[in-house]
Amino acid sequence: MKYDFTAIEAKWQKRWEENKLFRSETGDDKEKFYALIEFPYPSGVGLHVGHARPYTTMDSIARKHRMQGQNVLFPMGYDAFGLPTENYAIKNHIHPAVVTENNIKTFRSQLQALGYSFDWDREIDTTDPKYFKWTQWIFLQMYKKGLAYKSKMPVNWCTSCKCVLANEEVVDNACERCGSPVIRKEQSQWMLAITKYAQRLLDDLDEVDFIERVKLQQKNWIGRSTGAQVRFASTLGDDIMIFTTRPDTLFGATYMVLSPEHALVSKWMEQLENAGEVQAYQAEAAAKSDFERTELAKDKTGVMLKGVKGINPVNGKEIPIFISDYVLSTYGTGAIMAVPGHDDRDWDFARKFGCDIIEVVQGGNVEEAAFTDCDTGVMVNSGFLNGMSVEEAKKAIIEFLTEKGIGEAKVNFKLRDWVFSRQRYWGEPIPIVHCPKCGTVPLKEEDLPLLLPEVESYEPTDDGSSPLAKITDWVNTTCPCCGGAAKRETDTMPQWAGSSWYFLRYMDPDNDQELVSKDAVNYWGPVDWYNGGMEHTTLHLLYSRFWHKFLYDIGVVPTKEPYAKRTSHGMILGEGGIKMSKSRGNVINPTDVIAEYGADTMRTYIIFIGDFEKAASWSKDAVKGCKRFMDKVWNLAETVKDHETTYSPKNETIIHKTIKKVSQDIDSLKGNTALAALMSLCTHLSSNGCNQAELKTLLQLLSPFAPHICDELWEQQGFEGFCSVSSWPVYDEAKCKDAEVEMAVQVNGKLRGTVKVAADLDNESVIEAAKADEKVARFIEKTGGTIIKTIVVKNKLVNLIVK
RNA sequence: GCGGGUGUGGUGGAAUUGGCAGACACGUUGGAUUUAGGUUCCAAUGGGCGACCGUGCAGGUUCGAGUCCUGUCACCCGCACCA
């Protein structure tokens, strides 16, 4: 018979669905296993091979765990709010909901064509009112607990479109759409106080099994630092609060720097001798993105505020104050004391602007460069701190500052609060009403979901408010509190909102009373294994941990952390290691690959392509190798005519070895080497003869990767039920060992030969066998003849040191 | 500039974590079967005539280094100059 993958794959996808083979029942007696992959944003271009990599890998893990008898939850859904859909809708005058619906249809059929073992009865969509009702509900709870608040924040403002732009829409400081300059402008925004959870988000990383580089990136992003907050007086009367991690160097502070946006700068403006210069610099800074400020770091810029001086609180010295864009308004207090002797950036700046450089920790040469690596140095030029170690000085100065009431110890985080408003149409409306009498009033829970109104146009308004602001019918409402006339909040939530809790909804997708039932979350939570891209490490992953901790605090979920384990995949690049992109025309569409070679080949190749955690490049030719492997398995099955139920002695060892290898490799994300072992097994069985018991095991081991062909051959061999849900083969450790091993023989560390000996042979016999090898003996003779030392690595290698 | 990564044949990548570098594939070459082949099978395939040389580059530790240490270069991802 011919291997007709198209017919076979359609047949089994249909059967799996008809039999609800992958449905997961909440509350099963079996051990639960919740495998999660990041749900896709259903863009117009459809599924990308980049999606297929983590999805296929996690599918193979889910399938294996299911075969091992676990109750597996492996769900799929769509993160469908977002900018591209909205922009497409604006351009083509189609409702974003319609665009979304069409895109989801495409995605669903593409996912189904790949044969993933999702429980399709649990599919979710973040734009479904039944779903976002609960996104809004969570926001209300946060508002009630004081975690949602309004604040002025800088936004990207297109001077021509007169609207707020996402960072993504700003290209080289210009609007992506119209090319006009983009400036930074203050606008009132809804914020979520993630910083209140900073310490817990940091501490609880110790409790979870995340790959190290994810933990590290989150740690550095949260960025806890300890230091002091210190109040500097100024000659104009106002105090300047600064944060420093090095209060011990306070005597070395020879100038101060404020961020250009600092409130005191505007306050002092009229009294400054160089107000014009200062204002020009402020405008210049406003035109730069934070990122650009960073890139231009090498050449420090700034302006001295003439007419005001700061006063160093420990020695009373008057020091100049600058504004410079290397100080950010969003970190610390937006003001620093500069210690050029012991900070690189301060040193560069001081040299350029002619500020004093004072050494306060001995050990370097501050005339040459800042001495920063100075933890072991001794304090000098620092009054009462002189002679102390850095550590002692830190303690002493904080005591001194606290006593005098001019400073205190302070923990500071890099992490800043989450800007939660978007002036956009295609997002969850924020369920808040503004009442002239009652102020800001949350909607009542029973009035959720608050739906999006129908609008004519999705374009933002030219005063920077959301398109919703134009819908007066919708905006004008009554106050839930006093019943008087009031106006709705017109900002919507960011795309991150819906994805911050979706894993909970999969546990109980149809519940209209709660976001998730206690039974469901107690049974399924936490997610056992969550895989996703590194690009989501600091935003999505942190946001969802934050929301989960909040839900834990209000008693909705029973665990502090949402995900027990987190892994991350590498990117799929185009041929030759170039990034896939539309403009390069090297984008691979999984649907095309399926049409040409079948889903099993596509799945096998995407697993075989390389180390899951590293980037890998697509190769059209290499796909063929995987198709050949499918053909080989098919051909092998055609040779099996017996009904043996035990392995033959000649194949026993390799079968047990392969079961062991594949079992271990799947759970350590090494499907590539598992497949290499299966290819070897297949070749071995083809040339050595294969009985039905052996074929059965091969099919089961291959099934997580290539499930369709395995179920087909399973049926053809007359086995019961589905290979996809059969019991995972077990191996016998004792049968994984070969009787004989080949050991490498080195003379003085260089490979000179090999010997075949019985496994686990004692060292002396191994050395004798090694010396007996003709080539080895010759090299011993040549190098001096006397063996002075021997090193034996069991079953691996002998090294003879000869003099 | 900061944070996190990655560098191995003609190509994708293996290497039990300090123990035979190049498993398994792709490609190439030769052969067999075939009317034909995106069929199947067999053989060869890091470089060098060789002693030997080979894991981005330069050192180091070790009986032994792709793996550990120091320095350095290149590339990729993220970013909010984090005081």
Side-chain angles (χ1 to χ4, degrees), chain A residues 167 212-214 216-221 223 225 227 242-246 249 257 289-298 300 324-333 335-339 342-346 412-416 533-539 568 570-571 573 575-577 579 596-597 605 608-611 613-629 631-632 635 661 664 670 672-680 683 686-687 742-754 788-794 796-802:
Chain A
N167 286 336
E212 213 40 51
R213 65 186 204 272
V214 168
L216 255 176
Q217 264 190 43
Q218 286 216 345
K219 251 178 215 167
N220 291 336
W221 186 262
S225 59
I242 62 103
F243 172 76
T244 177
T245 53
R246 296 296 308 276
T249 63
V257 188
S289 65
D290 282 354
F291 185 56
E292 224 193 350
R293 289 186 180 191
T294 325
E295 276 192 321
L296 297 170
K298 276 176 193 160
K300 296 271 179 294
S324 173
D325 59 12
Y326 82 94
V327 172
L328 298 184
S329 61
T330 47
Y331 182 75
T333 60
I336 64 162
M337 67 174 198
V339 184
H342 303 278
D343 181 282
D344 290 326
R345 288 162 310 163
D346 295 348
N412 204 39
F413 293 96
K414 282 191 216 173
L415 184 70
R416 52 184 215 211
M534 280 310 286
E535 70 275 20
H536 290 126
T537 302
T538 49
L539 297 178
S568 210
M571 272 212 297
L573 305 169
E575 302 257 352
K579 219 174 168 177
E596 196 171 354
Y597 297 104
Y605 176 62
F608 191 63
I609 197 167
D611 185 337
E613 299 201 305
K614 291 184 195 160
S617 27
W618 188 268
S619 159
K620 264 185 177 160
D621 284 336
V623 182
K624 287 182 207 160
C626 291
K627 173 60 167 50
R628 267 177 221 162
F629 176 46
D631 290 336
K632 266 191 184 178
N635 293 341
K661 173 119 188 99
Q664 290 173 347
K670 292 183 160 195
N672 53 336
T673 49
L675 277 168
L678 286 168
M679 287 171 180
S680 298
T683 307
S686 299
S687 53
E742 196 176 57
M743 294 179 67
V745 183
Q746 296 182 336
V747 178
N748 289 349
K750 296 215 177 210
L751 183 71
R752 296 306 182 193
T754 57
I788 54 166
K789 194 178 171 187
T790 56
I791 293 140
V792 179
V793 182
K794 201 171 177 184
K796 287 257 152 71
L797 166 145
V798 193
N799 190 2
L800 307 171
I801 311 305
V802 178

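Naming: A, B, ... by sequence-line order, numbering from 1 per chain.
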On a whole-Å scale, what distance lies between the [atom1] atoms belonging to [N] and [M]?
{"N": "B:U16", "M": "B:U62", "atom1": "P", "result": "24 Å"}
{"N": "B:C81", "M": "B:G71", "atom1": "P", "result": "27 Å"}
{"N": "B:G4", "M": "B:U11", "atom1": "C1'", "result": "28 Å"}
{"N": "B:C24", "M": "B:C75", "atom1": "C1'", "result": "27 Å"}
{"N": "B:U28", "M": "B:C77", "atom1": "C1'", "result": "35 Å"}
{"N": "B:G19", "M": "B:G64", "atom1": "C1'", "result": "7 Å"}
{"N": "B:G46", "M": "B:G13", "atom1": "C1'", "result": "15 Å"}
{"N": "B:A25", "M": "B:A14", "atom1": "C1'", "result": "11 Å"}

- prompt: Donor-acceptor pair, A:N799 side chain versus A:I791 backbone, under 3.5 Å?
  reply: no
message: Whether the side chain of A:T673 engages the backbone of A:A676 through a donor-acceptor N/O pair (distance < 3.5 Å, no angle test) should be reported.
response: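 No, the answer is negative, given that no donor and acceptor are paired below the 3.5 Å cut-off.
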Base partner of [N], which must satisfy Watson-Crick or wobble distances under 3.5 Å:
{"N": "B:C24", "value": "B:G12"}
{"N": "B:C75", "value": "B:G5"}
{"N": "B:U62", "value": "none"}

Using a cut-off of 4.0 Å on non-hydrogen atoms, how would the nucleic acid contact of [X] be classed: base, sugar-phosphate, or nothing?
{"X": "A:R345", "value": "base"}
{"X": "A:F413", "value": "nothing"}
{"X": "A:S225", "value": "sugar-phosphate"}

To the nearest Å, give me how far apart [atom1] ([X]) and [atom2] ([N]) are.
{"X": "A:M679", "N": "B:G13", "atom1": "CE", "atom2": "C1'", "result": "12 Å"}
{"X": "A:K670", "N": "B:G13", "atom1": "NZ", "atom2": "C1'", "result": "12 Å"}
{"X": "A:Y605", "N": "B:C26", "atom1": "OH", "atom2": "C1'", "result": "9 Å"}
{"X": "A:M337", "N": "B:C82", "atom1": "CE", "atom2": "P", "result": "16 Å"}
{"X": "A:I242", "N": "B:A83", "atom1": "CD1", "atom2": "P", "result": "12 Å"}
{"X": "A:L216", "N": "B:C79", "atom1": "CG", "atom2": "P", "result": "18 Å"}
{"X": "A:L751", "N": "B:C63", "atom1": "CG", "atom2": "C1'", "result": "14 Å"}
{"X": "A:K414", "N": "B:A83", "atom1": "NZ", "atom2": "P", "result": "7 Å"}

Phosphate-side-chain proximity, [X] and [N], N/O vs OP1/OP2 below 4.0 Å:
{"X": "A:T538", "N": "B:C79", "value": "no"}
{"X": "A:R628", "N": "B:C41", "value": "no"}
{"X": "A:Y331", "N": "B:A83", "value": "yes"}
{"X": "A:N672", "N": "B:C24", "value": "no"}
{"X": "A:K614", "N": "B:C77", "value": "no"}

query: Would you say the base of B:U40 and the side-chain of A:K632 have a donor-acceptor pair closer than 3.5 Å?
result: no
query: Hey, are the side chains of A:F608 and A:F629 touching, using non-hydrogen atoms and a 4.5 Å cut-off?
result: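 Not in contact.
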task: Please tell me if the side chains of A:V745 and A:R752 come closer than 4.5 Å, counting only heavy atoms from C-beta onward.
output: no
task: Before accepting this row, confirm whether a basic side-chain N of the pair A:R628/A:D631 lies closer than 4.0 Å to the acidic partner's carboxylate O.
output: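 A salt bridge is absent here (no side-chain N lies under 4.0 Å from a carboxylate O).
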Measure from the side-chain heavy atoms of [X] and tell me the nearest of [options].
{"X": "A:L328", "options": "B:G12, B:C82, B:U40", "answer": "B:C82"}
{"X": "A:I801", "options": "B:A25, B:C63, B:A83", "answer": "B:C63"}
{"X": "A:S617", "options": "B:A80, B:A23, B:G12", "answer": "B:G12"}
{"X": "A:T754", "options": "B:C20, B:G5, B:C81", "answer": "B:C20"}
{"X": "A:N220", "options": "B:G13, B:G4, B:A83", "answer": "B:G4"}
{"X": "A:D343", "options": "B:C77, B:A83, B:C26", "answer": "B:A83"}
{"X": "A:N635", "options": "B:U40, B:C20, B:G13", "answer": "B:U40"}

task: Write down the atom of A:I801, the atom of A:N748, and the distance for their closest heavy-atom approach.
output: CA-OD1, 3.2 Å
message: Ignoring hydrogens, what is the shortest heavy-atom contact between A:G610 and A:N672? Give both atom names and the distance.
response: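 Closest pair (atom of A:G610, atom of A:N672, distance): C-ND2, 3.5 Å.
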message: Assuming nearest nucleotide by heavy-atom distance, tell me which of A:E535 and A:K661 is located more 5' along RNA chain B.
response: A:K661
message: Taking the nucleotide of RNA chain B with the nearest heavy atom to each, does A:K624 or A:K627 sit closer to the 5' end?
response: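 Mapping each residue to its closest nucleotide by heavy atoms, the 5'-most match is A:K624.
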